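Written below as structure tokens is the structure these notes are about.
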Amino acid sequence: MSKIRAIITGVGAFVPEYILDNHELSQMVDTSDEWIMSRVGIRERHILKEKGEGASYMGERAVNQLLAKTKTSPDEIDLVICATVTPDMPFPATSSIIADKVGIKNAFHFDINAGCSGFIYTLITAAKFVESGQYKKVIVVGAEKMSAITDYTDRTTCPLFGDAGTAVLLEPTTEELGMMDYIARSDGMGRKHLYMKGGGSCYPSSYETVDNKMHYIYQEGQVVFKNAVSLMADVSVEIMERNNLTAKELAWLVPHQANLRIIDATANRMGLDPSKVMINIERYGNTTSATIPLCLWEWEKQLKKGDNIILSAFGAGFTWGTIYLKWAYDGDKI
Ligand code: UT7
């Protein structure tokens with residue numbers, strides 16, 4: 001019997017209307033468009049302003065779009081996994097909230113917290129359920145309201161992040177398509193360099209945690225940068241080599257969008273022409289687990305069945321990883 005593989009059969013996304021550009025940011029903190037563009041490559045990011053709404057608001061909209069595009073009924077969905085570091089609340093899982101809002105009744109759901117590698121880890125996990133033969137329609141969501149944990153008085157982190165919700169549908173095939181290979185890695189030593197300390201069981205929310213700004217992202221940018229540059233490129237090159245893929249045979253690199261310089265370094269190490277790299281960091285910033293699917297959503301029209309695509313990410317944990325996909329369909333599903 002031929003092997004069952006997991007293919008992406010559609011992509012949905014939602015970005016909030018409000019755009020926070022570098023001009024507005026430079027009125028909030030001591031920064032400039034010139035600094036942010038030259039050091040990071042971000043010009044603007046979308047921010048969810050709706051009061052009392054979180055990651056599920058955007059995830060719900062992305063899933064509804066995905067279901068419409070793929071002509072799938074909510075009843076057909078077997079499993080929903082949501083990658084997020086900004087869940088609506090500590091529990092229940094944001095995936096359960098999204099499933100309920102969308103009307104998905106015949107599935108089980110859980111969340112995965114893997115920082116900026118969230119989409120990679122979640123796609124790998126979801127693919128395993130599909131490859132088992134037991135699950136036919138699995139939704140992977142990447143939804144983040146990074147603005148909820150960003151300190152807009154800290155110029156070293158506030159230009160970096162944006163909000164978005166994304167979703168992809170995974171289905172089985174016996175063709176030589178879909179997830180062909182993956183590498184996933186973690187190193188808990190990295191936890192010291194990128195975290196949010198408050199609001200968990202060590203430091204439950206209190207006046208003290210709020211006064212000490214413990215509910216915001218803490219990042220040692222340079223340490224994270226150095227690790228991201230070397231480790232994201234290492235796994236991207238390793239997956240090419242072990243699948244005998246040349247740069248010429250690769251159609252696309254879809255990198256996590258944290259810093260244009262990290263993306264360029266990864267593409268260089270892979271020997272890739274810049275025209276084969278999906279980059280939209282300038283308009284969305286770092287939306288954590290939503291960056292990679294947001295690229296797939298924007299580039300969907302240009303993708304062709306059989307395209308060799310590598311997805312790569314690095315993030316809090318540290319976590320990092322890469323997936324080699326053979327794309328399963330031609331063009332946009334709308
Ligand atoms: O996705 C999750 C993983 N995260 C990442 O991959 C992010 C990795 N890190 C980075 O992308 C970069 O380290 C940053 C974009 C966060 C920072 O860029 P950098 O080139 O590493 O800057 P730096 O931290 O070395 O700071 C250089 C200078 C400092 O000034 P002094 O000490 O040299 O006078 C900073 O205070 O730039 C200053 N600076 C700023 N200046 C204007 C830091 N942030 C800003 C700012 N505007 N927004």
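Just so it is clear, the structure is predicted and the values come from calculations on it, not from any experiment. Counting starts at 1 for both ligands and their atoms, following the listed order. We count residues from 1, following the sequence as given.
Residues R43 and D33 are paired through a salt bridge, judged by an N-O separation under 4.0 Å between the basic side chain and the carboxylate. Between E17 and K49 there is no salt bridge, since none of the side-chain N atoms of the basic residue sits less than 4.0 Å from a carboxylate O of the acidic one.
Applying the side chain to side chain contact (heavy atoms under 4.5 Å, CB included) rule to D154 yields the partners D151, T156, T157; only residues at least two apart in sequence or on another chain are considered.
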Can you give me a line-by-line list of nitrogen or oxygen pairs between ligand 1 and the protein shorter than 3.5 Å?
{"unit_1": "ligand 1", "atom_1": "1 (O)", "unit_2": "H256", "atom_2": "NE2", "d": "2.9"}
{"unit_1": "ligand 1", "atom_1": "1 (O)", "unit_2": "N286", "atom_2": "ND2", "d": "2.8"}
{"unit_1": "ligand 1", "atom_1": "4 (N)", "unit_2": "Q219", "atom_2": "OE1", "d": "3.0"}
{"unit_1": "ligand 1", "atom_1": "9 (N)", "unit_2": "G221", "atom_2": "O", "d": "3.1"}
{"unit_1": "ligand 1", "atom_1": "11 (O)", "unit_2": "N259", "atom_2": "ND2", "d": "2.7"}
{"unit_1": "ligand 1", "atom_1": "13 (O)", "unit_2": "G221", "atom_2": "O", "d": "3.1"}
{"unit_1": "ligand 1", "atom_1": "20 (O)", "unit_2": "R39", "atom_2": "NE", "d": "3.0"}
{"unit_1": "ligand 1", "atom_1": "20 (O)", "unit_2": "R39", "atom_2": "NH2", "d": "2.6"}
{"unit_1": "ligand 1", "atom_1": "20 (O)", "unit_2": "R261", "atom_2": "NH2", "d": "3.0"}
{"unit_1": "ligand 1", "atom_1": "25 (O)", "unit_2": "Q222", "atom_2": "NE2", "d": "2.4"}
{"unit_1": "ligand 1", "atom_1": "36 (O)", "unit_2": "R155", "atom_2": "NH2", "d": "3.0"}
{"unit_1": "ligand 1", "atom_1": "37 (O)", "unit_2": "W35", "atom_2": "NE1", "d": "3.4"}
{"unit_1": "ligand 1", "atom_1": "41 (N)", "unit_2": "W35", "atom_2": "NE1", "d": "3.3"}
{"unit_1": "ligand 1", "atom_1": "41 (N)", "unit_2": "R155", "atom_2": "NH1", "d": "3.4"}
{"unit_1": "ligand 1", "atom_1": "47 (N)", "unit_2": "T31", "atom_2": "OG1", "d": "2.7"}
{"unit_1": "ligand 1", "atom_1": "48 (N)", "unit_2": "T31", "atom_2": "OG1", "d": "3.0"}
{"unit_1": "ligand 1", "atom_1": "48 (N)", "unit_2": "R155", "atom_2": "O", "d": "2.8"}

Expected list for residues 128-135: side-chain donor-acceptor pairs under 3.5 angstrom, two or more places apart:
{"unit_1": "K128", "atom_1": "NZ", "unit_2": "E131", "atom_2": "OE1", "d": "3.2"}
{"unit_1": "S132", "atom_1": "OG", "unit_2": "F129", "atom_2": "O", "d": "2.6"}
{"unit_1": "S132", "atom_1": "OG", "unit_2": "Q134", "atom_2": "N", "d": "3.1"}

Residues 219-226, side-chain donor-acceptor partners within the protein, below 3.5 Å, at least two apart:
{"unit_1": "E220", "atom_1": "OE1", "unit_2": "H193", "atom_2": "ND1", "d": "2.6"}
{"unit_1": "E220", "atom_1": "OE2", "unit_2": "Y218", "atom_2": "OH", "d": "2.7"}

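With S312 contributing its side chain and S236 its backbone, the two residues share no donor-acceptor pair below 3.5 Å.
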